[in-house]
Amino acid sequence: MLRCAKWSNIRTRFQCKLFMIFTLLTFLIVSTLSTLFIVHEIQKSKEAALKHLRLQGESLAESIRLPLFAENVALLQQMAEQAARSPEIRAVVISAQDGRVLAAVYPSSPSGTAEEVLRQTIEVCSNPQAGSAMSSLIDGHDTPSLLGSVRIERGTADMDRTVRKLVFWSVSLALLFWLTVALFSYLVLRQVTRSFNNLMSGIAALQGGDYGTLIEVASDDEPGRAALAINGLACSLQQRSEENRQAKEELLKAKAEAEAANAAKTDFLANMSHEIRTPMSGVIGNAQLLRFTSLSEEQTGYLTNIESDAKNLLSLISDVLDISKIEAGKLELESAPFSLRSCVAQLLRSQEARVSGKAISLVGDTAADVPDSLFGDQLRLKQVLYNLVGNAIKFTRKGEIRVQVELLERHDDKVQLCFSVSDSGIGIKPEALEKIFTPFVQADSSVSRRFGGTGLGLTICSRLVRQMGGEMTVESQEGKGSTFSVTLPFLINSQPAPQQEVLAQDKAKVMWEGPPLHILLADDSETNCAMLSLLLSRYGHTVTSAGDGGELLHHWQKGGFDVALMDIQMPVMDGMETTRVIREHEKKSGAHLPIIALTAHALKDTREHMLSSGFDGYVSKPIDLKALHEEMRQVVVKDGGQVFEG
């Protein structure tokens with residue numbers, strides 16, 4: 001049996017299968033036809049031999065009629081020998097009517113081998129047509145009479161030789177025809193499979209992303225048209241690939257430009273925050289210093305206006321930074337236990353001063369089934385509610401502002417709460433409801449002129465709420481008021497949350513509860529340095545000031561300081577480098593000076609960056625004295641240098 005693996009010219013399984021099918025089918029057809037032809041020829045030859053033998057017997061019977069009638073044995077023997085002269089004759093036997101053998105000749109086979117013998121027996125009558133003449137004369141009838149019989153036999157040796165030649169030539173011609181068909185099939189299949197291989201190679205190239213390789217088209221048949229179609233597809237894909245590549249390059253370029261723009265915006269916001277907060281620190285600090293002086297009622301009013309404008313400006317800066325952090329995805333939420341009712345109470349308490357000059361009642365209503373101790377970001381919740389309540393106060397002249405907390409759903413330790421802030425203010429026009437959450441957009445262009453604001457508050461609130469997993473909606477009627485609803489999820493704290501002091505503003509007046517400290521202060525702004533030194537000295541602290549990091553190192557080497565307040569951006573040597581030098585020296589001496597970073601940078605990771613750079617604490621500008629004192633107390637206690645009461 002033939003094996004495809006040994007045929008070097010058949011390279012593919014597909015071609016091998018087709019070749020085997022064609023050759024086997026051809027072999028079966030040729031073999032069947034050849035066999036049928038040989039059998040037919042043998043049968044035909046045998047019938048022809050029998051017919052010829054019968055003719056010989058009839059001729060002999062005709063010639064021996066009279067000798068047989070006379071029973072002339074010698075003549076009959078002579079005639080039998082004469083009939084047996086043909087080489088294929090094997091026996092000639094002449095018998096009388098009663099069966100007696102009158103003459104017999106048995107020539108032997110020339111080949112001496114066994115062979116098939118064909119026999120014919122012919123009866124010999126007196127007259128084949130009308131009987132014998134004697135019988136007709138005597139009896140007057142034409143009835144024939146039987147004289148005897150002739151049996152003639154012949155061999156098939158000559159026929160066997162003819163059959164063998166016939167088989168030989170038939171098989172030879174069949175094999176030649178089969179081989180011709182096989183060769184023709186191989187050539188055709190090779191051409192077909194070559195076309196298919198070209199198609200498969202082209203498809204494989206397309207799958208591999210090689211769109212520049214085209215298939216050679218050698219004919220206009222179906223494979224050729226398929227190759228043309230694949231080439232067209234390759235050209236189309238190459239064009240699209242080039243377009244995609246260009247689009248990708250443009251996209252990457254746009255992405256790089258956007259990232260660069262975003263980085264530039266971040267740097268700009270950081271620099272803006274620093275540049276604005278630094279002079280604002282001086283403004284607010286000097287305003288605080290003025291509070292320690294004797295002021296007339298008119299001066300107190302001016303000072304109040306200064307502090308109010310400063311707070312508004314800081315609020316604007318915080319809003320811009322918040323929206324920038326939210327858009328950049330850098331705003332992170334915290335989860336800590338807190339008291340919900342204390343949070344709402346603090347919020348309402350902080351707004352009492354704003355509603356004192358208006359005919360407005362500020363009401364808080366927390367449902368009894370709302371759990372008090374929760375896990376979540378209390379500061380961001382306060383920021384959202386503070387903004388909503390602030391807007392309600394801004395746009396309401398008289399009536400009621402209600403802050404309501406309701407329980408929507410509760411499953412195990414999870415709750416869904418609804419915070420709503422309702423007012424009886426000017427309301428919002430229907431066409432403006434869809435755009436009030438858009439940055440820098442207000443319901444009416446005249447609103448910013450009449451009531452102030454940047455249009456960032458609601459945008460920040462809505463995005464904060466969305467980031468906290470909640471939803472913010474608004475319902476309003478122009479001239480009748482608005483209701484802002486915030487739905488937020490929280491986790492229930494199984495432990496009671498620590499109650500926060502509602503009257504924290506009253507305790508804010510007490511800003512230092514420990515012994516006075518010897519403070520080393522570094523700030524390149526003479527105004528801020530002088531202002532902060534005066535403020536700290538009001539609480540009994542001793543302050544040694546420096547204009548840059550090098551000057552601070554000069555004072556530090558003298559020793560005797562409890563804490564250092566370090567500005568970050570300074571000439572000669574900035575705060576980061578100065579702190580690094582101090583920490584390197586402390587590794588050898590084993591001492592440790594608590595250092596608090598004072599910086600106008602107030603972005604997300606500023607505190608973490610400062611603490612990882614060797615600082616013990618961080619306070620952003622403008623300096624809040626209460627926050628500064630709290631940070632000083634923590635770092636000094638942590639360092640073990642002082643003991644505080646309370």
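Heavy-atom basis, side chains included; hydrogens, waters and symmetry copies ignored. Just so it is clear, the structure is predicted and the values come from calculations on it, not from any experiment.
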For [X], is the [atom1] atom crowded, meaning more than 12 foreign heavy atoms sit under 6.0 Å from it?
{"X": "Glu577", "atom1": "CD", "answer": "yes"}
{"X": "Asp412", "atom1": "CG", "answer": "no"}
{"X": "His518", "atom1": "NE2", "answer": "yes"}
{"X": "Glu526", "atom1": "CD", "answer": "no"}

Would you check, one step at a time, whether the test side-chain contact (heavy atoms from CB on, under 4.5 Å) holds for Asn528 with Asp567? CA-CA 10 Å; Asn528 287 340; Asp567 188 23; over 6 Å; no
- [ ] Start with the C-alpha gap between His541 and Asp562, add the side-chain angles, then the distance that decides, and say whether side-chain contact (heavy atoms from CB on, under 4.5 Å) holds.
- [x] CA-CA 10 Å; His541 303 301; Asp562 299 311; over 6 Å; no
Spell out, as yes or no, whether a donor-acceptor pair under 3.5 Å connects the side chain of [X] to the backbone of [Y].
{"X": "Ser424", "Y": "Lys398", "answer": "yes"}
{"X": "Ser373", "Y": "Gln495", "answer": "yes"}
{"X": "Ser485", "Y": "Met472", "answer": "no"}
{"X": "Glu631", "Y": "Tyr618", "answer": "yes"}
{"X": "His554", "Y": "Gly550", "answer": "no"}
{"X": "Asp574", "Y": "Gln569", "answer": "no"}
{"X": "Glu551", "Y": "Gly547", "answer": "yes"}
{"X": "Glu400", "Y": "Val363", "answer": "no"}

* Compute whether any side-chain donor of one residue and acceptor of the other, for Ser482 and Asp423, lie under 3.5 angstrom apart. =>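 Short answer, no.
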Strictly by modelled atom types, are Gln383 and Arg380 linked by a side-chain donor-acceptor pair under 3.5 Å?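 A pair is found: one side chain offers a donor N or O, the other an acceptor, under 3.5 Å apart.
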**Study point:** Test log, rule side-chain contact (heavy atoms from CB on, under 4.5 Å), inputs Leu374 and Leu417
**Key:** CA-CA 11 Å; Leu374 303 174; Leu417 302 181; 3.8 Å; yes
**Prompt:** Hey, what's the ring geometry for Tyr539 with His629, parallel, tilted or perpendicular (30° and 60° as the breaks)?
**Reply:**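 Plane angle over 60°, so perpendicular.
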Quick check: do [X] and [Y] have side-chain heavy atoms less than 4.5 Å from each other?
{"X": "Met573", "Y": "Thr578", "result": "yes"}
{"X": "Phe419", "Y": "Leu381", "result": "yes"}
{"X": "Met610", "Y": "Met576", "result": "yes"}
{"X": "Val389", "Y": "Leu362", "result": "yes"}
{"X": "His609", "Y": "Ser613", "result": "yes"}
{"X": "Val415", "Y": "Arg410", "result": "yes"}
{"X": "Leu535", "Y": "Met531", "result": "yes"}
{"X": "Glu630", "Y": "Arg633", "result": "yes"}

Give the minimum heavy-atom separation between [X] and [Y], together with the two atoms involved.
{"X": "Pro571", "Y": "Asp524", "result": "CD-CB, 3.4 Å"}
{"X": "Asn387", "Y": "Cys461", "result": "CB-SG, 3.4 Å"}
{"X": "Ala627", "Y": "Val619", "result": "O-CG2, 4.3 Å"}
{"X": "Cys343", "Y": "Lys382", "result": "SG-CG, 3.4 Å"}
{"X": "Gly470", "Y": "Leu488", "result": "CA-CD2, 3.9 Å"}
{"X": "Gly575", "Y": "Met566", "result": "CA-CG, 3.6 Å"}

[atom2] on [Y] to [atom1] on [X], rounded to 0.5 Å:
{"X": "Trp556", "Y": "Leu520", "atom1": "CH2", "atom2": "CG", "value": "10.5 Å"}
{"X": "Ile623", "Y": "Leu565", "atom1": "CD1", "atom2": "CG", "value": "8.0 Å"}
{"X": "Arg349", "Y": "Ser342", "atom1": "CZ", "atom2": "OG", "value": "13.5 Å"}
{"X": "Tyr386", "Y": "Leu379", "atom1": "OH", "atom2": "CG", "value": "14.0 Å"}
{"X": "Leu388", "Y": "Ile401", "atom1": "CG", "atom2": "CD1", "value": "11.0 Å"}
{"X": "Asp523", "Y": "Ser545", "atom1": "CG", "atom2": "OG", "value": "9.5 Å"}

Checking side chain to side chain contact (heavy atoms under 4.5 Å, CB included) between Thr366 and each of Leu407, Val405, Asp372, which is the one that passes?
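Of all the options given, the one that passes is Val405.
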Determine whether His592 and Asp616 satisfy the following criterion, side-chain contact (heavy atoms from CB on, under 4.5 Å), listing intermediate values before the conclusion.
CA-CA 10 Å; His592 183 79; Asp616 299 276; 3.0 Å; yes
*Name all residues meeting the salt bridge (charged side-chain N to carboxylate O under 4.0 Å, His left out) criterion together with Glu584; count only those two or more places apart in sequence or in a different chain, and write none if there are none.*
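By the salt bridge (charged side-chain N to carboxylate O under 4.0 Å, His left out) rule, Glu584 matches Lys587.
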